[in-house]
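Structure first, then comments.
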Amino acid sequence: MRRLILGCGYLGRRVANRWLDAGDDVWAVTRSAERAESLRQAGMRPVVWDVTNESVEELPHADTVLFAVGYDRSANHPIHSVYVDGLARTLDRLPANTGRLIYISSTGVYSQNDGQWVDEDSPAEPNRDGGRACLAAEQLLTGHPLGQRAIILRLAGIYGPDRIPRRADLLAGKPIAATPDSYLNLIQVEDAADIVVTVAAADLSLPKLYTVSDGNPALRADYYAELSRLLDAPPPTFQFADAVPAASAPETKSPNSRRSTGDKRISNQRLTQELPIRFHYPTYRHGLADAVERLGGET
């Protein structure tokens with residue numbers, strides 16, 4: 001099989017490794033010539049291109065395309081130009097006979113804020129720039145001919161080795177800008193990579209939309225208490241939303257300001273009912289223990 005990955009980072013690199021292990025030909029798009037050499041040494045076929053420019057005429061044909069481009073604030077591009085315009089440029093450069101396209105979106109498209117369960121049929125009305133850009137990209141894809149062969153995965157927060165939410169804050173004794181009785185939705189990165197590979201190979205009627213999480217939302221109080229214990233850090237403290245600095249506060253506040261930092265529970269029921277999904281890290285407790293044990297990089 002021929003695979004093409006745009007966004008061969010924290011998630012995409014793990015997907016690439018699985019496809020390489022299966023004997024697939026894997027092309028990977030990167031902005032950096034230096035990183036291209038690293039990808040080549042890993043067995044991939046690099047394509048040097050930045051989705052925010054027009055320099056590539058046509059991308060290689062692939063049976064599967066994974067669009068998992070992340071947002072790099074240091075690149076100084078508006079998030080819309082990366083997620084939406086970048087996807088548009090990608091679609092324009094993919095051959096018409098491209099196979100299945102998997103788009104990595106986010107549960108940030110949902111702004112429900114009262115602890116309710118959210119699934120694929122819930123209203124998507126994002127109140128942050130990232131969620132708005134993801135939803136606009138989804139709409140662009142579904143209106144494109146290749147969108148009829150697409151799978152959209154709305155992922156909860158990805159975590160794992162070298163990516164442990166709020167590790168540095170806890171070690172420094174800083175208060176968490178959230179309410180302790182609100183929910184956090186997560187998916188461990190290895191499980192997320194397995195899910196991408198599974199949906200790529202599955203016999204599905206397309207297009208398809210899935211919300212992706214481990215299905216076990218955690219109260220923030222419990223998550224941060226467990227992480228503090230594993231890190232041997234001070235017990236977590238919290239500041240409610242009305243004490244959050246304006247630069248980090250949500251753009252739209254709910255009537256209950258204590259919950260305006262986000263409070264919903266992401267269901268994975270459709271995903272687990274329709275596909276043979278097995279979670280290696282079914283709860284944050286499993287995933288955090290492994291991530292802390294293998295600490296070695298960014299927080």
Side-chain angles (χ1 to χ4, degrees), residues 10 70-74 79 106-118 125-134 154-189 192 213-266 281-299:
Y10 192 64
Y71 181 56
D72 179 5
R73 288 178 174 81
S74 66
I79 195 167
S106 167
T107 55
V109 301
Y110 301 111
S111 60
Q112 286 80 349
N113 217 25
D114 57 1
Q116 68 180 281
W117 282 97
V118 173
E125 298 170 342
N127 58 13
R128 292 174 180 254
D129 287 345
R132 294 187 189 106
C134 284
R154 291 176 174 168
L155 266 65
I158 299 177
Y159 76 107
D162 299 330
R163 186 179 287 188
I164 305 175
R166 301 299 181 91
R167 174 193 165 210
D169 288 346
L170 289 173
L171 289 171
K174 293 182 179 179
I176 304 300
T179 54
D181 60 344
S182 61
Y183 286 99
L184 189 63
N185 298 275
L186 298 166
I187 182 70
Q188 205 274 351
V189 65
S213 74
D214 60 22
N216 289 291
L219 287 174
R220 284 179 167 85
D222 295 338
Y223 169 87
Y224 291 117
E226 176 67 3
L227 179 54
S228 295
R229 184 188 71 79
L230 292 169
L231 294 172
D232 196 23
T237 59
F238 297 84
Q239 61 185 45
F240 293 146
D242 47 8
V244 178
S248 61
E251 297 166 15
T252 302
K253 291 189 177 183
S254 69
N256 181 352
S257 64
R258 292 180 65 237
R259 292 189 175 274
S260 64
T261 50
D263 187 17
K264 55 184 176 285
R265 288 180 284 178
I266 302 298
Y281 304 92
T283 73
Y284 72 93
R285 294 184 183 276
H286 298 84
L288 282 182
D290 176 78
V292 171
E293 183 179 349
R294 294 197 280 162
L295 276 174
E298 297 294 325
T299 57

**Request:** Please tell me if the side chains of V189 and Y159 come closer than 4.5 Å, counting only heavy atoms from C-beta onward.
**Result:** no

**Item:** From T107 atom OG1 to R265 atom CZ, the distance as rounded to the nearest 0.5 Å
**Value:** 14.5 Å

**Prompt:** To the nearest 0.5 Å, how far apart are OH in Y224 and OG1 in T237?
**Reply:** 11.5 Å

**Prompt:** So do the side chains of S228 and P236 get within less than 4.5 Å of each other, counting heavy atoms only?
**Reply:** yes

**Message:** Between L184 and L219, does the side-chain contact (heavy atoms from CB on, under 4.5 Å) criterion hold? Intermediate values first, please.
**Reply:** CA-CA 6 Å; L184 189 63; L219 287 174; over 6 Å; no

**Asked** Tell me, do V109 and R154 make a side-chain contact under 4.5 Å, heavy atoms counted?
**Response** yes

**Prompt:** Closest approach of W117 and G215, non-hydrogen atoms and distance?
**Reply:** CH2-O, 4.0 Å

**Prompt:** Between I266 and S213, what is the shortest heavy-atom contact and its length?
**Reply:** O-OG, 3.1 Å

**Prompt:** Is there a side-chain contact between P175 and F238 (heavy atoms, below 4.5 Å)?
**Reply:** no

**Message:** How long is the straight-line distance from CZ of R128 back to OG of S106, given to the nearest 0.5 Å?
**Reply:** 10.5 Å

**Asked** How about V292 and L227: do any of their side-chain heavy atoms sit closer than 4.5 Å?
**Response** yes

**Item:** Between CZ on residue R220 and CZ on residue R166, distance to nearest 0.5 Å
**Value:** 8.0 Å

**Asked** Taking only residues two or more places apart in sequence, or in another chain, which ones meet Y223 in a ring-ring contact (aromatic ring centres under 6.0 Å, His included)?
**Response** Y284

**Request:** Taking all heavy atoms of P234 and all of L171, pick out the closest pair and write down the distance.
**Result:** CD-O, 4.4 Å

**Complete:** Heavy-atom closest pair (I187 atom, A156 atom, distance to 0.1 Å) is CG2-O, 3.7 Å

**Request:** Decide side-chain contact (heavy atoms from CB on, under 4.5 Å) for D290 and Q188; before the verdict, give the C-alpha distance in whole Å, the side-chain angles of both, and the deciding distance to 0.1 Å.
**Result:** CA-CA 10 Å; D290 176 78; Q188 205 274 351; 4.2 Å; yes

**Item:** Distance (rounded to the nearest 0.5 Å) between L170 CG and D232 CG
**Value:** 12.0 Å

**Prompt:** For R285, what residues pass the side chain to side chain contact (heavy atoms under 4.5 Å, CB included) criterion, not counting sequence neighbours?
**Reply:** E226, T283

**Asked** Does any N or O in the side chain of S111 come within less than 3.5 Å of the main-chain N or O of P126, such that one atom is a donor and the other an acceptor?
**Response** no

**Item:** Residue pair P282 / D214, side-chain heavy-atom distance below 4.5 Å
**Value:** no

**Message:** What verdict does the side-chain contact (heavy atoms from CB on, under 4.5 Å) test give for I164 and L295, after you've listed the backbone C-alpha separation in whole Å, the side-chain angles of each residue and the deciding distance to 0.1 Å?
**Reply:** CA-CA 9 Å; I164 305 175; L295 276 174; 3.5 Å; yes

**Prompt:** Looking at CG of L288 and CZ of R229, how far apart are the two atoms once the value is rounded to the nearest 0.5 Å?
**Reply:** 10.0 Å

**Message:** So D114 and K264, do their side chains get closer than 4.5 Å, heavy atoms only?
**Reply:** no

